[in-house]
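Letters A, B, ... are given to chains in the order of the sequence lines, protein chains preceding strands, and every chain is numbered from 1. Note: hydrogens, waters and symmetry copies are ignored here, and every other heavy atom, side chains too, is used.
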Amino acid sequence: MTPAIELRKINKRFGSVHANRDIDLVVRKGSIHGIVGENGAGKSTLMSILYGFYHADSGEILVSGKTAVIADSRAAIRLGIGMVHQHFMLVDTFTVLENVLLGAEEGLFLGGGADRARAELRRLDAEYNLKVDPDAVVEDLPVGLQQRVEILKVLLRGAEILILDEPTGVLTPAEADHLFRILQVLRDQGKTVLLITHKLREIMAVTDTVSVMRRGEMVATRATAETTMEELAELMVGRSVLLRVDKTPAQPKEKVLVVDHLTVTDSRGVDVVRNVSFDVRAGEIVGIAGVSGNGQSELLEAIAGIRRARKGSIWIAGEAVDIAATPLDPAEMRRRGLCHVPEDRHRMGLVTGFAEYENAILGYQDNPQYGRGPFLDIRAIRNEARAEIEKYDIRPPDCQLKTASFSGGNQQKIVLAREIERDPTVLLVGQPTRGVDIGAIEFIHRRLIEMRDAGKGILLVSVELDEIRSLADRVLVMFDGSIVGERPAETGEAELGLLMAGVHDGTVHGAHP
Amino acid sequence: ADIQPAVLYDMGGKFDKSFNEAAYAGAEEFKKASGIDYRDFEIQNDSQREQALRNFAKRGQSPIVAIGFSQANAVEKIAKEFPDIQFAIVDMVVDLPNVRSVVFKEHEGSYMVGMLAAMASQTGKVGFVGGMDIPLIRKFACGYKQGVLAAKPDAEVFENMTGDTGAAWNDPVKGGELAKSQFARGADVVYHAAGGTGIGVLQAAADAGKLGIGVDSNQNALHPGSVLTSMLKRVDVAVYDAFEDARNGRWTSGVTVLGLAEGGVDWALDEHNEKLITAEMKAAVDKAREDIVSGTVKVHDYMADQTCPF
Amino acid sequence: MFETLILILDSTLRLSTPLLLACLAGLYSERSGVVDIGLEGKMLGAAFGAGAVAYLTASAWAGLAAGIAVAVGLALVHGFASITNRGNQIVSGVAINFLAAGLTALLGQAWFRQGGRTPPLPEGGRFLDIVFPFAEELRAVPVVGPIYAELLSGHNVLVYAAFLAVPLTWWALYRTRFGLRLRAVGENPAAVDTAGISVVLLRYRAVILCGVLCGIAGAYLSIAQSSGFIKDMTAGKGFIALAALIFAKWRPLNAMFACLLFGFLDAVAIRLQGQPLPGIGEVPVQVFQALPYILTVILLAGFIGKAIPPRASGIPYLKERT
Amino acid sequence: MSAGQLPRWVDFGLIPLLNLAAAFLVSGLVVLLIGESPLEAVGILVWGSLGFGEGIGFTLFYATNFIFTGLAVAVAFHAGLFNIGGEGQAYIGGLGVAWACLALDRIVPWWVTMPVAVLGAAAAGAAWAFVPAWLQARRGSHVVITTIMFNFIAASLMVYLLVNVMAKPGSMQPETRTFEAGGRLPMLNDLLPFASFGTAPVNLALVLALVAALAVWVLVWRTRLGYAIRTLGANPTAAVYAGISPARTIVVAMLISGGLAGMMAINEIMGSQHRLLIEFVSGYGFVGIAVALMGRAHPLGIVLAAILFGMLYQGGAELSFEKPAITRDMIVVIQGLVILFAGALEHMFRPTLVRIFTFARAPSATVG
Ligand SMILES: Nc1ncnc2c1ncn2[C@@H]1O[C@H](COP(=O)(O)OP(=O)(O)OP(=O)(O)O)[C@@H](O)[C@H]1O
Ligand SMILES: Nc1ncnc2c1ncn2[C@@H]1O[C@H](COP(=O)(O)OP(=O)(O)OP(=O)(O)O)[C@@H](O)[C@H]1O
Ligand SMILES: [Mg+2]
Ligand SMILES: [Mg+2]
């Protein structure tokens, strides 16, 4: 059978970076083909070339056995190729329908095309169980649903070959499973799927074949059935990797963070955090599990002093902070020993246009050790940044480089280094390993455990159930703004998954209006 | 040897449809009559006033005529630096032995056109549109009001200014709107002292079938039959005379005040507006001219006490 | 009183027309992600082109076409700099303002020798007011009469065009394929690109439309509202239009209301100027000159929330970070 | 934009030169069109601005204005704010200078008046920026609109004050009386023994401008406040995260911006005109936008761009003096072309140069 896709000697440079080097790849029709590799290995670049978003410097692409010239995405779409990008290509201010319609309008005016698209969305929902409200505005949707819109876009255009670039980075296990079931249906319908992911478990679970990339090269292709996670990890990183976190039982001491009856209202006036109470002790990691968009982000932000709480109070290291009354002041929280690794490093945790060393003091710019009076002591800051770079193995080790030029994993390490090295009493951590490759994940997890063992209290928010289960000592599950249950870390995935879906004590709790 | 005359225009530039343009016309006239070429310069900012005067002086240009009251400080300074060069300034007095100062009695000319406006008005309401609310323009407005009231004591005068930035002198659209607003309030004759803005004023008058009055140079021809008259301010004559006197060796320094008596200001009567000016009107303003020249009627000069009693 | 109001509103229409046209022009450009502070320059260039050609041909329509051609030409320069060469859009806009100010005066002087002015337009060179049927007959009818005869009737064709352009723009933006893509490219050009649509072409089309509308705005100034071009005759209207666009949060209907508001404030200030205010008495004329601007600031502070521009505006689209 | 692929001298030397050359090439075509020799015109322009002491003096005098207004735009820009109000802020800044000078010039020497005048200028300019700043910070009113409006309001206020309040009696000119020696900054010519700026009005304010440029550099890149300003400008959510108050930072940045714009008046009013007069800003505030953006909001770039514009102003004046056919409008066209080619089209030659240099460096690396 002719392969769906064949790539021959693809090369791509970005300036001095050789992102793809003589890549050969054969993708069987009607298969799910996984691609793994570290951050910056060149996976996204390769897929973007296939999708006509970038142009290869040299090489050949064959689609269904025929040489294809993919000059732009339009050509790719015409060849039946569809792509869900790692960074969503959605217009946030548009409705779902408008997003789906974009580029598939059928005619100069929107009326008819919109009706057809609506009907088509209903059909796809029926066929694949992909429900979204066509009139919802995309920026109001949780990320999981946003991704669903991306998939719908691809399906609506009748793609035969689907490329998904790190689709599960933002999904809950349940959502991910749902996605994989859809991919399997698609495969069974004869479509071809290219799946990029950092999660080897997923590779093992759904793919038929897997290719490994390292530093711009294609280093191996295996039938999934004939390989192991350990082998893949080693192929990716070039050394053997520990896939499990080693930790000893926690030894919790005094309460360092107490949250009491906290209620947070968002700009639309909806209560997004409802009457939440819990505490974190020194020397333990408390995990908050939940499907994204259930108030975890707002909870973290309220504790960190970034978002105003409507009701409730917080004690940090025994001292009360009346966060509903005092003006918001994240700086004050930091002075009290509460540090915060935000969920979204691009939006909040970093100024990507700054040099690395400048980001090393974000939030601590007023600390006395970084200067005298109103002035900053650049040398002191750089020294500290260099020390962190060394300690956290941030690559490239150049503190004057723009932060945007670091890969996601290294950017995450910059944020972690900054917050952990402040030696906080309480550390809030949101999504510490989102989009980060396994080598870096291993490192980050080890650091968090070390902190715990040094007697810090850590509040960890993650949508990765795996991460929560392997790091946390206690697990709180959030659903629709409330904490719906507390479980020990050993609790099974199934039980936590049910809680996350709002099912507990045998009843289903519907979302509040 | 021939003289080497020069003109320095004010910020509005030599084609401002106003006094700078009149100066340009005078210089051109001289060039045509005498065959002697002249230099000129349009400044772009205040710092160039001195610079340009000095540049002229260094090159031995003389006489150098500076147009506009804003040039006074610069003329004073440079005239001291170059005592052998003849300077003239229009619209302001600089008291130096080598400077001729030419000032105009704009109020007298405005008085005359004010009378004509009042007499031509059916409604007893007339308007005035100025460029910017500065003393010079108030001087125009005040003389005009006095003239209107002299001809029709119960007449009403609407007074508007265009704006407070340089654009006020080049905004025909706003000028037109101001005129229309005055027409809406019942005015049927409108006089402008607003440079390029006035073009819009006269246009609005023509469009509405009302009458406009031009300023500085003869603007009667812009809309024949719709421009009642123009208040002439003979800056052209001042420039021409300065050049001519220097050429003939009749140069005098000191202050020259040009009013009705000297023909420095006047109103325009030509084929474009002769149908609009009745014999009666003409007789009345001729009479007024005599009275002003003889001193029986005194037209109030706003600059004398910074007030306008009307 | 009622009549005064009608007259003020009438004046409002005339004053807001050029603002509205320029504002809509800016809307197309900025909705596509190309910031345009060169509205002023394009309008000025168009006013000159229209004035010059209307004088030479004695045809207002030829003048309009020339005005549009000039503005589109300048718009293409802006497009070349900011779309093709990914230059700084604000710098490019500033450059266009300078170029237009200089070139109109320079060429005007070279061609007509009247100091950058174009000569007064001949018969036919100007858009005249259109009087609706029975306007005069109906004038006497109370309330409706003045509204019909004074307010609705008796404007030139460009005024009607400007106000017609509002629903048209709304329709184009929200009901056509072009509009959908235009809005998308201003928010997230990468999304448009991956949908197989050329970002560059789309933005060029937006910028050209911007030129067309600026062209009409400029022509309105020189060959409809006035009769001829005068140097610098736009007198800051392009900047006010820009302010109106932000005020309107980049939406066509809002744009109309914003421009009407600016026009109205101007008309009121013109009307009030030189009249003693009840209870206050004689007020310096400068107060009235500043009034529209002061009121705008107050309105802005009081009623209009945050204006969030199209997300990608001002940022050149660059897919390969080379 | 990474500059890594081209040698530094190409990036910071050759490319700007090429851009300027392109601007002058097109300007030359326009000059040719009106029947003058472009070569001669360029000669006069360069000679007029740099060829002799007085020309240099004028160039530097204008550059002083542009440094102030350019820095003003740049500081706001770093905070993510587009301050188009430099024109009005500088105009009002003149009030501060005039009040100081009128009060002190007959009593104390200039060096006592100067600090008061500088403070006055900065305070007045800052005050004029305060309302737009406060409205942006508290009400979200777009600073672009409000600063445009405040330019117009400033013009009205100044006409009122100059005509009705501050004018010297009996004068046609809306201007204050001329300051005495105690209200005049010394000319650089008199200050520096070796200088030969002739009668050019370049004065001590130039030094002040350079100090301001240095201070802005320190402020933006070496202080905690500057860090806060840049963080806010680059990523407002990150600023909130970092405990930086957006409202406070907006107001502070705008006050500094307005203060810098206001200080332009020191050069014009105390340094050159020695009286407050109507419309003295005459567009320097707007040119500041171009200067700031061409200088990439960096003080050094701004100083260089300011000198370039100073050259265009002064050389342009000489040019239209020498060649009456080249009117002042021609100079505006040339300025526009320089802004276009050296500013907006700055990347035009880049791809070509990259190709040339990559080829030169690795001739064997065949591509495509
Ligand atoms: N638009 C771009 N401009 C310049 N260089 C780029 C660009 N995109 C990618 N690169 C370079 O290409 C290399 C490969 O990047 P790519 O995004 O393909 O990695 P990836 O394998 O998808 O990594 P990740 O797992 O983090 O998504 C990077 O190291 C980077 O240096
Ligand atoms: N301006 C640039 N020039 C060269 N390389 C760059 C530049 N910007 C980013 N890169 C490289 O591109 C690679 C991918 O960048 P990107 O921001 O996509 O990181 P990422 O690993 O995909 O992060 P994330 O997972 O958060 O998306 C990084 O390895 C980085 O070194
Ligand atoms: Mg990737
Ligand atoms: Mg990535």
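- We find the CZ-OG distance between C:Phe288 and D:Ser156 to be 12.0 Å, quoted to the nearest 0.5 Å.
- Neither the backbone nor the side chain of C:Val287 comes within less than 4.5 Å of any heavy atom in chain D.
- Using a 4.5 Å cut-off between non-hydrogen atoms, the part of residues 20-32 of chain D that approaches chain C consists of D:Val30.
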Assess the residue pair C:Val285 and D:Tyr160 against the criterion (side chain to side chain contact (heavy atoms under 4.5 Å, CB included)); give the C-alpha distance rounded to whole Å, side-chain angles, the decisive distance to 0.1 Å, and a yes or no.
CA-CA 8 Å; C:Val285 57; D:Tyr160 176 77; over 6 Å; no

Output, in order, the C-alpha distance, side-chain angles, deciding distance and verdict of side chain to side chain contact (heavy atoms under 4.5 Å, CB included) for D:Phe82 and C:Val35.
CA-CA 13 Å; D:Phe82 192 26; C:Val35 167; over 6 Å; no

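- The candidate with the highest count of non-hydrogen atom pairs below 4.5 Å against chain D, out of C:Ala244, C:Ala110, C:Ala105, is C:Ala105.
- Using a 4.5 Å heavy-atom threshold, the side chains of D:Phe150 and C:Val297 count as touching.
- Put simply, the side chain of D:Met348 reaches to within 4.5 Å of the side chain of C:Phe80, judged on heavy atoms.
- Within 6.0 Å of the CZ atom in C:Phe112, the count of heavy atoms belonging to other residues, nucleotides or ligands exceeds 12.
- Atom CD1 of residue D:Ile145 and atom CD1 of residue C:Ile240 lie 10.0 Å apart, to the nearest 0.5 angstrom.
- For D:Arg138, no part sits under 4.5 Å from any heavy atom of chain C, backbone or side chain.
- Rounded to the nearest 0.5 Å, atoms OG1 (C:Thr104) and CG (D:Asp329) are 7.5 Å apart.
- Near-neighbour residues of residues 87-98 of chain C relative to chain D, defined by a heavy atom under 4.5 Å from a heavy atom of that chain, comprise C:Gly87, C:Asn88, C:Ile90, C:Val91, C:Ser92, C:Val94, C:Ala95, C:Phe98.
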Could you go through D:Leu135 and C:Leu300, starting from their C-alpha distance and side-chain angles, then the distance that decides it, and tell me whether this counts as side chain to side chain contact (heavy atoms under 4.5 Å, CB included)?
CA-CA 9 Å; D:Leu135 289 175; C:Leu300 199 60; over 6 Å; no

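- Between the OG atom of D:Ser141 and the CG atom of C:Leu299 there is a distance of 10.5 Å, given to the nearest 0.5 Å.
- When each of D:Val163, D:Ile326, D:Leu293 is checked for heavy-atom pairs under 4.5 Å with chain C, D:Leu293 comes out on top.
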Between C:Gln286 and D:Asn164, is a side chain to side chain contact (heavy atoms under 4.5 Å, CB included) present by the stated rule, with each step listed?
CA-CA 11 Å; C:Gln286 288 82 15; D:Asn164 299 301; 4.2 Å; yes

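- Contacts between D:Ile289 and chain C at a heavy-atom distance below 4.5 Å involve the side chain alone, from C-beta outward.
- Nearest heavy-atom pair across D:Met149 and C:Ala243 is CE-CB, 4.0 Å.
- Of the inter-residue distances, the one linking D:Thr146 atom OG1 with C:Tyr293 atom OH reads 14.5 Å to the nearest 0.5 angstrom.
- To the nearest 0.5 Å, the span separating NE2 on D:His347 from OG1 on C:Thr84 amounts to 13.0 Å.
- In plain terms, the two heavy atoms of C:Gly102 and D:Val333 that are nearest each other are C-CG2, 3.3 Å.
- Only the side chain of C:Thr296 comes within less than 4.5 Å of a heavy atom of chain D; its backbone N, CA, C and O stay farther away.
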